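Computed from a predicted structure; not experimentally measured. Every heavy atom of this structure was used, including side-chain atoms; hydrogens, water molecules and symmetry mates were not. Letters A, B, ... are given to chains in the order of the sequence lines, protein chains preceding strands, and every chain is numbered from 1.
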Protein chains: 2
Amino acid sequence: MALRVVGALRDDIVTMTLRPGDVISESDIAGRYGVSRQPVREAFIRLAQQGLLMIRPKRATVVKKISPEGVRQSRFIRESIEVEIIRRLAGHPGADAGAVLGELIVEQEAASNANDSRRFHTLDELFHRTLARLIGVEYAWQLIDDHKMQLDRVRYLTLGSSSSKLAISEHKTIVAAVTAGDVAGAEAAMRAHLARAEVLLSQTIAAHPDYFE
Amino acid sequence: MALRVVGALRDDIVTMTLRPGDVISESDIAGRYGVSRQPVREAFIRLAQQGLLMIRPKRATVVKKISPEGVRQSRFIRESIEVEIIRRLAGHPGADAGAVLGELIVEQEAASNANDSRRFHTLDELFHRTLARLIGVEYAWQLIDDHKMQLDRVRYLTLGSSSSKLAISEHKTIVAAVTAGDVAGAEAAMRAHLARAEVLLSQTIAAHPDYFE
DNA sequence: CTTTTCTATCTTGTATGGTAGACGCTCGTT
DNA sequence: AACGAGCGTCTACCATACAAGATAGAAAAG
């Protein structure tokens with residue numbers, strides 16, 4: 001049941017129901033979920049290790065503000081790994097890689113046309129995860145996923161401004177380069193695709209400066 | 001004081017004082033360190049999140065066996081990031097990069113000549129961390145450090161077989177390529193340097209099969 | 001002798017009480 | 001009026017007690 005608290009709190013944080021800077025306490029959350037303080041405490045520890053909370057001994061626990069530097073370095077990590085993935089994939093593209101990825105893009109177009117940004121986000125994530133799976137490093141994506149929570153908070157603030165058409169176009173470019181075995185082209189396309197998150201961050205900082213440190 | 005337990009247990013695990021597969025319990029560790037069960041429990045949670053322990057509900061807690069697949073993927077992550085680091089560094093080598101790294105290599109040679117493998121290991125780690133710092137992504141190295149614990153357990157099993165001379169030679173090759181601005185050469189040197197860990201893993205699995213899953 | 005069932009014991013999980021530290025407010029002093 | 005000291009209150013932290021599940025071994029039945 002402590003895990004339930006973890007999930008609930010994490011959702012509240014990434015959906016900005018609990019906003020950066022908000023102060024919470026073990027007793028507070030315990031009463032809100034009808035459990036004891038102990039499971040809440042353990043949930044706090046888990047979330048603090050994931051960088052979502054900041055436990056201040058003897059004082060209080062606050063929802064961590066988003067660190068622009070941290071987001072920047074998370075982006076660096078993601079770009080490093082995804083570039084390596086795409087290079088290896090373009091170097092040895094499996095037989096069914098093009099088909100599997102193409103199928104995903106079709107679904108993304110459907111979601112985009114239906115203006116279902118939530119589903120598009122899920123499919124976008126699945127696209128990148130599939131790239132990792134195709135070369136047998138799905139665990140690596142799991143790592144990215146952990147560090148992506150910070151960026152997801154940013155993304156949630158700018159929902160609706162989803163330029164899904166552009167993203168789909170970039171996905172197509174990537175897949176084309178992969179199936180053609182064009183390593184350098186695939187790498188460049190991936191870097192361009194990921195670079196768009198940079199402007200997203202700048203815009204969000206300007207729009208919500210109090211959520212950042 | 002819970003953090004003290006975390007540190008002590010982590011040291012015991014990476015130094016193989018607590019071996020993979022060993023069963024421990026909260027009460028056991030609590031009595032051993034003269035504290036209550038609660039701090040120990042929180043320490044277990046932290047170490048479980050770091051992949052060193054496996055909490056089996058209502059049964060027991062075991063020191064996680066080393067997953068060859070996990071080590072392999074950790075190596076993939078590390079190689080991805082370090083290659084990206086070295087490429088950027090070779091592309092824009094700072095003025096003092098060569099001097100700083102050269103100084104570290106000198107110390108490594110001293111440690112190697114003195115057969116101080118413990119100090120050499122520290123200096124080796126510092127070398128790679130410095131590479132990250134030189135392009136402003138020290139946080140990225142911190143990530144590698146977390147995932148490196150698994151490999152450190154392997155490394156501890158094969159202490160003494162440290163081919164430090166070879167490592168130093170490879171470090172020199174890397175630094176030379178960086179100062180020369182040779183991006184491709186630096187990348188190749190780094191990949192070769194990291195690839196040696198692969199054979200280390202195979203040898204260790206053969207020598208201690210019961211420590212792996 | 002084999003198999004099955006039940007119980008004793010060990011484990012983690014949860015709840016609650018007490019402790020020490022840090023902040024903020026009030027009251028006293030200058 | 002302005003500043004400082006003291007006290008109340010809130011916090012995370014630790015210790016203890018209780019509860020529930022899972023296993024191992026003994027005992028009983030076949």
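In the set dA12(D), dC14(D), dT14(C), the nucleotide with an atom closest to the side chain of R37(B) is dT14(C). The side chain of S36(B) sits closest to dT16(D) out of dT14(C), dT16(D), dA15(C). The side chain of E26(B) sits closest to dG13(C) out of dT14(C), dG13(C), dA12(D). Here the nucleotide nearest the side chain of R59(A), chosen from dC23(C), dT14(C), dC13(D), is dC23(C). Here dA12(D) is the nucleotide among dA12(D), dA15(D), dG13(C) with the atom lying nearest to any side-chain atom of I55(A).
Taking the nucleotide of DNA chain D with the nearest heavy atom to each of F44(A) and Q38(A), the more 5' of the two is matched to F44(A). Each of K58(A) and V35(A) has a nearest nucleotide on DNA chain C; the 5'-most of these lies closest to V35(A). DNA chain C is contacted by both S25(B) and P39(A); S25(B) maps to the nucleotide lying nearer its 5′ end (nearest heavy atom per residue).
Between R56(B) and dT12(C) there is no side-chain N or O to OP1 or OP2 distance below 4.0 Å. Residue R41(B) places at least one side-chain N or O closer than 4.0 Å to OP1 or OP2 of dG13(C).
Residue-level contact check: L3(B) touches neither bases nor backbone, having no heavy atom under 4.0 Å from any strand. When heavy atoms are screened at a 4.0 angstrom cut-off, T61(A) is found touching the sugar-phosphate backbone but no base atom. Contact annotation for I24(B): backbone-only contact, meaning every heavy-atom pair under 4.0 Å involves sugar-phosphate atoms and none involves a base.
A salt bridge between E79(A) and R196(A) is absent, with no side-chain N of the basic residue lying under 4.0 Å from a carboxylate O of the acidic one. No salt bridge links K64(B) with E213(B); every basic N to acidic carboxylate O contact stays at or beyond 4.0 Å. A salt bridge links R87(B) and E187(A); the closest N-O separation between the charged side-chain nitrogens and carboxylate oxygens is under 4.0 Å.
Between the side chains of Q73(A) and E69(A), a donor-acceptor pair is found at a separation under 3.5 Å.
Between H171(B) and H128(B), the ring planes are perpendicular. Angles over 60° get that label, and only those under 30° would be called parallel.
For E42(A) and dA15(C), the CD to P distance is 10 Å, given to the nearest whole Å. Taking atom CE of M54(A) as the reference point, atom C1' of dA12(D) lies 14 Å away to the nearest angstrom. Atom C1' of nucleotide dC14(D) and atom OH of Y33(B) are separated by 18 Å, given to the nearest angstrom.
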